[in-house]
There are 4 protein chains.
Amino acid sequence: MQLGMIGLGRMGANIVRRIVAAGHTAVGCERHPEVITGLSTELGDGFRGSTDLREFLAMLDTPRVVWVMIPAGATGAVIDQLAELLEPGDIVIDGGNSRYHDDIARAAKLDPLGLHYLDIGTSGGVFGRERGFCLMVGGEPEPFRRVEPLLQAIAPGVAAAPRTPGRTGEPGPAEQGYLHCGPAGAGHFVKMVHNGIEYGVMAAYAEGLNILHKADYGNRAASEYSAEETPLENPGYYRYDIDIAQVTEVWRRGSVVASWLLDLTAAQLHADPNLDSFGGRVSDSGEGRWTLDAAVDIGVPAPVLSAALFQRFASRGESGYADKTLSAMREAFGGHHELPGTG
Amino acid sequence: MQLGMIGLGRMGANIVRRIVAAGHTAVGCERHPEVITGLSTELGDGFRGSTDLREFLAMLDTPRVVWVMIPAGATGAVIDQLAELLEPGDIVIDGGNSRYHDDIARAAKLDPLGLHYLDIGTSGGVFGRERGFCLMVGGEPEPFRRVEPLLQAIAPGVAAAPRTPGRTGEPGPAEQGYLHCGPAGAGHFVKMVHNGIEYGVMAAYAEGLNILHKADYGNRAASEYSAEETPLENPGYYRYDIDIAQVTEVWRRGSVVASWLLDLTAAQLHADPNLDSFGGRVSDSGEGRWTLDAAVDIGVPAPVLSAALFQRFASRGESGYADKTLSAMREAFGGHHELPGTG
Amino acid sequence: MQLGMIGLGRMGANIVRRIVAAGHTAVGCERHPEVITGLSTELGDGFRGSTDLREFLAMLDTPRVVWVMIPAGATGAVIDQLAELLEPGDIVIDGGNSRYHDDIARAAKLDPLGLHYLDIGTSGGVFGRERGFCLMVGGEPEPFRRVEPLLQAIAPGVAAAPRTPGRTGEPGPAEQGYLHCGPAGAGHFVKMVHNGIEYGVMAAYAEGLNILHKADYGNRAASEYSAEETPLENPGYYRYDIDIAQVTEVWRRGSVVASWLLDLTAAQLHADPNLDSFGGRVSDSGEGRWTLDAAVDIGVPAPVLSAALFQRFASRGESGYADKTLSAMREAFGGHHELPGTG
Amino acid sequence: MQLGMIGLGRMGANIVRRIVAAGHTAVGCERHPEVITGLSTELGDGFRGSTDLREFLAMLDTPRVVWVMIPAGATGAVIDQLAELLEPGDIVIDGGNSRYHDDIARAAKLDPLGLHYLDIGTSGGVFGRERGFCLMVGGEPEPFRRVEPLLQAIAPGVAAAPRTPGRTGEPGPAEQGYLHCGPAGAGHFVKMVHNGIEYGVMAAYAEGLNILHKADYGNRAASEYSAEETPLENPGYYRYDIDIAQVTEVWRRGSVVASWLLDLTAAQLHADPNLDSFGGRVSDSGEGRWTLDAAVDIGVPAPVLSAALFQRFASRGESGYADKTLSAMREAFGGHHELPGTG
């Protein structure tokens, strides 16, 4: 089967590699010609491409399967172009990080033209090429079924994890690493919540490791406490010098918190035990915010996901004005003046 | 009636002033003689004092009322001294910020000696001299009743607030601003929870004002966004330049969030509209922490009080290691490297 | 001066009463004729009204001032009608709880017609009639200035609170209880954040009082612990039987947490000490949610405001599925089965 | 090598099974004789035991290795007995869920007697027998080294997870699933934080799945909204009927949130898609609480871990009084009465 891919960045290129490795063919569209040349050399007959959208579309067998894998901010304009150039029966896939609201609007716009739209939330990051990508799909059942052979090539496959107890017979799509989640937007909706969970899980590890990091707090002399800190009632309880890299390593085997994120954390801590190469200003992409918006819309408590998101905001200094307000209040009623520049 | 006060710092001196102003007398004990001289000059016949503990105790009528108003860390040693020097029937008051655990232990130790112990949580800060202090008392009923005339002088009195609808007849102690909360420790327990609430209330204002502070976020040009920030979907919704000093002023009259803390905030913002004189590293005293310990012990959810406490920790940089951990994870799975020194 | 009021529910009627009491006149529009009759009887010459919108508009002096005070869901349709019926120079005020997004859209729509739009966030609740309403105004400066005499009648006035230290001279609008916050939407934006703060402040008190409520936890016999509870390490620390109504009363005078909300809480607890008349399923209006949406949009940490909102969701059972998920996980790894129906 | 095990409940028996399967021998002490008989039959020559503590100790080669694996509440008394009966050079291991404070006290007490004490935090739950247990060890290096052969038999071994990139050479203890974390208490300290993280990770999944669970919220008719709920602005965004069991299954392969807890969750949802067999009153053991205590002591922000703990408290109804307080306040200022019994 054939896949057309618009955007051959890291994610797009890796998907193409998995497609070709599985015996399918791919056609690429990308404005940097050297990327196309490079992939052609690497993949041989399985791949060709063009820097021109019309030429790219002409290279595709009809009905076409066109996967758009570009930054979310640029996706809308490309899909508008495709709406004009494609023919009834063609399938457009948005595999990027669009907000699912946009999927609902796009599907409604493409449908009267006879074009099919699938939104595919794609998880796996830089490891996806080898590990396979986890695919969460929204859209109509018919185009989903049509592209299933491609999804099977991109997804990790059933062997990637031990089978869940109780599941028998022929493994279904979910067991192979891809899932039709519902109508338009459902794929990005599930991916959005996935990322919300990811924020919470990451923050849980980060907080716990921070406690281990400061487990030697009782070793400091009384004179080392800053004026802002309450001296410990029992310093003897906090005299541990924990090797956090080793702790994350030991938790990888047999513990309840074993996970892929823990594997990655153990690797990072092995390479940089004090994390000195990191600044600690943590970015957030849209999905964590959108998950919280959704929780608020439908009235679902999300204290952990929101705490994780707000911690990222705060890591970038966004609590500063609030903190100053607290200092101002404390001065007013207690006479404590917390000066600037003492940080 | 006569009050003995050990410690003539700001709080102790102001309590003495209210005592004398109400027609009682006070005897002070304080190692800085100039403080005693100063108060004697200021208060005339109503006050005398000594730098020597034994001399101070000899100046007191028996049975004595000895109020200890010194830093929590020094209180225990002074009470141990008093245990040796006082006589049966005397009353020891700890008006500082001791943990209520200590009150329970001290009362148990003083009781066999025939000495009475009262723990009095004292709120009011630097405004207490004029406004009166709110007094939360723990201990046996008999010594509480004995010192009531003194508490009435220290507390704000019934006129300090409009009477609560439904309360009629002779105003009880709570309406005068002091309350016997229960046995030993109850006063500091209630004061502890009071401070826990205080943290939460302060944080609620601080967060809201921070949102107002950034309500002009949509005015910035796209180029002004840092790489870590998601551009706004609707910048037009965030083009307000809010005068926060005026907002806190207008809320003081008629709004649901009117409070004494809001009064103080409005005053601080009027004096320093951008809060430039504050550093935003916010200290926490023990009470907020102890409140959270208590909530955990007895299984009571305290999401707001804990968020407020943790925000203070974070304002002092204590999230740094956790933030670096998040950066390390993000690099591992997504290839995003968040550098040090880019803050 | 004259005010036209559409909607004579509790809020609208109380505003009209304040207007007339201040020597202005009011014209009302309300579909229940008995309400108009009642107010006419009560207010005499100062008030007349009609059940018909056109007739109501004809009763108003031009340029008209039309205040719409009806449920947010119905406001848009009425403003659309007014857009057709009003004349250039007229002022439309939305005093309800609209989302500020709508204000921006409405002002843009009315402007080409020569109509002015003011959004006025109104705080004060059922006490507003006597206490006055706190008014947060968005819109163009000119119509704001035109209606200022009316706002002065509705607002509490400068005497409602002691003057903020440092403020001198003629009291400005904020000191009188009304404020021009910025262009269209700014009034409802500030009111929205006000309510977000309100949620946080309320939750801070509620959590603290909950801790006091369970301060007797150590009194229970070991056999009284449910299987789900960890027995206390130090039951002797939790043997207080706190009179919460009295505690809230004593905090009203001299304490740092004195506030209008505390006044109300003390009154409720005096009337119903165990709060038995309340079910504890806590509603939330839109403002708390919108505040959180705004915080997320502009990247401001709001851990306290979100915790307060989520506590309300959870009070209505919305954590149930999450809780079951936790039970399912615990069973899977630990063999603990948490049964249904044991609540 | 030989292990003595006091307590042959599920955990103790499974550890013994792994010891014997690895070619070591075990001696058990357990008050239920049928448990000893059963294990003897199952394990043959590798195991014997006694219901009598002295007899059990006599069966052990000296210097003895005595592992105590009984409920935390009973551990102290047994260790006191051992202190009297053991001989210099013997090693006592507490493999249960003791608070690390107790470890510090016990080690200090046993040391002058020439007895060694190791605290071993043990993770793995009901799967430990097959999967191996993750072991976190505190105590002196010498006894740790002595028991390493036993720990290697109990731990999962290096093959249980792919090797961390960058780790080369002979796999160290952490890579085999056991780790010497530091002096007395360090093992239980690290296990405590492990469980704190576990709470946070579990809550992250639970919240996310709860959002998926309510993703069909827009399907309900307006009449189905309760009076407490704000109607949705965009019901069309919430019309997904997500198969949550399938979603957790698809996330197991290739996604960023793949983990052992997710594996378990997928299995539980496959068996009981609506989780109807669970009540949702979630217990908490001591570790989550102690983690929070530690964070508070040393001033580390832990918003996620605390939110996870408080959600469990709330699942058991512990927010009820706080919720009623909120209802009482809302009635007071807004006239909204939230009745009991309407839940």
Side-chain angles (χ1 to χ4, degrees), chain B residues 123-124 131-134 156 160-161 164-167 174-175 177 179 182 186 189-190 193-194 196-198 200-201 203-205 207-208 210-212 214 217 229 238 240 246-247 249-260 266-267 270-271 294-295 298-300 302-305 307-308, chain C residues 123-124 131-134 156 160-161 164-167 174-175 177 179 182 186 189-190 193-194 196-198 200-201 203-205 207-208 210-212 214 217 229 238 240 246-247 249-260 266-267 270-271 294-295 298-300 302-305 307-308:
Chain B
S123 182
R131 197 180 173 235
F133 295 93
C134 178
T164 292
R167 289 199 178 257
E175 294 190 83
L179 180 68
F189 187 91
V190 171
V193 172
H194 167 279
I197 292 172
E198 175 190 305
V201 171
Y205 287 117
E207 286 182 14
N210 198 8
I211 295 170
L212 295 181
K214 210 175 166 184
Y217 189 60
E229 287 170 309
Y238 301 98
Y240 298 117
Q246 297 287 50
V247 167
E249 183 65 38
V250 80
W251 287 346
R252 295 182 65 227
R253 291 177 180 85
S255 97
V256 171
V257 302
S259 71
W260 190 61
H270 180 68
I298 59 177
V300 169
V304 162
L305 306 188
Chain C
S123 181
R131 198 177 171 235
F133 295 93
C134 179
T164 291
R167 288 197 177 260
E175 295 189 84
L179 181 68
F189 187 90
V190 172
V193 173
H194 167 279
I197 292 172
E198 175 191 305
V201 171
Y205 288 116
E207 285 183 13
N210 199 8
I211 295 170
L212 295 180
K214 209 175 166 185
Y217 188 61
E229 289 170 307
Y238 301 99
Y240 298 117
Q246 297 288 50
V247 168
E249 184 64 38
V250 80
W251 287 346
R252 296 182 63 226
R253 292 178 180 83
S255 98
V256 172
V257 302
S259 72
W260 190 60
H270 180 69
I298 60 177
V300 169
V304 162
L305 306 189

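Proteins get letters first, then strands, A, B, ... in listed order; numbering begins at 1 in each. Excluded from the calculations below are hydrogen atoms, water molecules and symmetry mates; all remaining heavy atoms, backbone and side chain alike, are included.
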Among [options], who wins on heavy-atom pairs under 4.5 Å with chain C?
options: B:G132, B:A160, B:A302, B:A203; result: B:A302
options: B:Q246, B:E249, B:E198; result: B:E249
options: B:A174, B:G177, B:G182, B:A266; result: B:A174
options: B:A267, B:P303, B:G208; result: B:P303
options: B:P165, B:A271, B:A294; result: B:A294

Checking the side chain of [X] only, and the main-chain atoms of [Y] only, is there a donor and an acceptor separated by less than 3.5 Å?
X: C:R252; Y: B:E175; answer: no
X: C:E207; Y: B:L305; answer: yes
X: B:H270; Y: C:G166; answer: yes

Measure distances from [X] to the heavy atoms of chain B and classify the residue's part below 4.5 Å as side chain, backbone, both or neither.
X: C:P156; value: side chain
X: C:Y205; value: both
X: C:A186; value: both
X: C:H194; value: both

Max heavy-atom pair count under 4.5 Å with chain B, selected residue of C:G200, C:A258, C:G254: C:G254

Proximity breakdown for B:A161 and chain C, heavy-atom pairs closer than 4.5 Å: both

C:Y217 vs B:V300 side-chain heavy atoms within contact, under 4.5 Å: no

Distance (rounded to the nearest 0.5 Å) between B:R131 CZ and C:S255 OG: 6.5 Å

Aromatic plane relationship, B:Y240 with C:F189 - under 30° parallel, 30 to 60° tilted, over 60° perpendicular: tilted

